[in-house]
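Notes follow the structure.
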Amino acid sequence: MNEVKKIIDSIKKGNIAPIYFLMGEEPYFIDVISDYVENNILSEDEKGFNQMVLYGQDVSVSDIVNNAKRFPMMAPYQVIIVKEAQNLGNSVEDLVSYVENYTPTTILVICYKYKTLDKRKKLVKVLGKSSVLFESKKLYDRDVMNWIPDVLKEKGYTIHPKATQMLVEFLGTDLSRIRNEMEKLTLVVTQNTEITPDVIEKNIGISKEFNNFELRKAIGEKDEAKAVRIVRYFADNPKDNPIVVTLGTLYTFFQQLLTYHGLSDQTDRNVASTLKINPYFVKEYHTAARNYPMKRVSAIIAGLREIDMKSKGVGAVNTPQSDLLKELIINILRS
């Protein structure tokens with residue numbers, strides 16, 4: 001995320017703000033910034049007297065302010081990091097007076113996870129004048145697909161688009177989990193080497209053959225034999241392949257296919273840009289569009305909605321989810 005990089009680069013250059021208020025739904029980026037401050041502003045010798053980590057459930061705003069007003073001992077700054085600050089509740093607004101009259105030798109980092117401040121309140125307005133107010137937004141699948149190669153590139157690695165796809169399907173948008181798995185991969189793959197689907201399968205245990213994206217591809221190609229094999233695998237491994245994820249993947253695919261049919265410019269570049277997909281996967285949409293005309297795509301989307309309702313017990317109380325998925329796939333492929 002560019003904003004995170006800008007904040008850290010600014011700190012590296014010595015442009016340190018007196019207050020960093022880090023808020024938002026995605027905890028990963030909040031941790032990246034707060035960890036950098038915690039590990040890099042003060043030397044190990046300076047940290048003993050001048051660095052403090054507080055927790056929102058254990059302190060009040062007045063406790064934070066009283067500590068922030070102290071002066072450093074034999075160091076240019078003191079660093080105070082308040083973790084889980086969302087537990088301060090509405091009292092966090094009481095920080096206004098300190099923000100307006102902060103101590104210049106204190107670096108105060110507030111980690112306000114999973115929530116955002118009410119932008120109508122005064123605290124937001126005063127933070128914007130002299131401090132860093134950062135909102136960490138949740139990433140969508142397509143954003144994570146772009147984030148993974150960027151992170152690995154910084155470490156000297158490349159990753160195949162399909163391998164990236166496998167990570168996102170298996171781990172979702174949990175950036176901390178994905179980062180941990182990427183760290184493991186960098187221990188077994190030499191730098192300047194591409195991380196392939198085979199590497200993912202061998203070291204993380206994600207099947208490169210039996211997953212939702214391979215099912216999507218098989219459906220797009222109308223490869224019934226392959227699609228049925230994958231669905232059978234899903235039926236045998238329901239915990240690792242919940243129907244809600246499969247339905248979500250297919251729904252997104254056919255919604256994108258509907259958009260594809262409406263494009264006057266169906267060149268690879270425009271398709272990738274409009275559908276927000278990696279150019280590597282564009283050919284799958286060309287193939288699927290030939291196999292499923294627009295009218296049929298609309299009917300399939302309606303069918304997906306119906307199966308989704310049945311999977312939640314509406315109109316099919318005792319039907320196993322594996323049977324619902326088989327019914328859906330056959331209806332799509334034999335249309």
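In this text the structure is predicted, and so the values were computed from the model without any measurement. In what follows, residues are counted from 1 in the order of the sequence shown.
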Connected via hydrophobic side-chain network under 4.5 Å: [X] and [Y]:
X	Y	value
L133	V99	yes
L215	F213	no
Y102	V92	yes

Would you say [X]'s side chain and [Y]'s backbone share a donor-acceptor pair under 3.5 angstrom?
X	Y	result
E25	K115	no
Y233	V228	no
D265	N270	no
N241	N237	yes
S10	K6	no
S136	E26	yes
N39	Y36	no
E224	I330	no
Q51	E38	yes
E284	K217	no

E327 and K310 ion-paired at < 4.0 Å: yes
Is the closest basic N to carboxylate O distance between E214 and K208 below 4.0 Å? no
Any donor-acceptor pair under 3.5 Å linking the side-chain atoms of T193 with those of T190? yes
Go through the side-chain N and O atoms of Y251 and Q255 and say whether any donor and acceptor fall under 3.5 Å apart. yes
Within 45° of the axis and under 6.0 Å from the centre of the six-membered ring of Y280, does NZ or CZ of K283 qualify?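 That pair qualifies as a cation-pi contact.
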With a cut-off of under 6.0 Å to the ring centre and 45° to the axis, is R296 in cation-pi contact with Y292? no
Which value, rounded to the nearest 0.5 Å, describes the distance between F49 atom CZ and R70 atom CZ?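 CZ of R70 is found 10.5 Å from CZ of F49.
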Could you grab the distance from atom NZ of K122 to atom CG of L95, nearest 0.5 Å is fine? 13.0 Å
Look at the aromatic rings of Y112 and F21 and report parallel, tilted or perpendicular, splitting at 30° and 60°. tilted
Per the side-chain contact (heavy atoms from CB on, under 4.5 Å) rule, which among N67, I107, N50, T103 passes with Q78?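 Exactly one pass, corresponding to N50.
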Return the set of residues passing ring-ring contact (aromatic ring centres under 6.0 Å, His included) with Y157 (not counting sequence neighbours), or none when no residue passes.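 Y157 satisfies ring-ring contact (aromatic ring centres under 6.0 Å, His included) with no residue once adjacent residues are dropped.
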Do W147 and Y28 have ring centroids that are under 6.0 Å from one another?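 Yes, ring centres under 6.0 Å apart.
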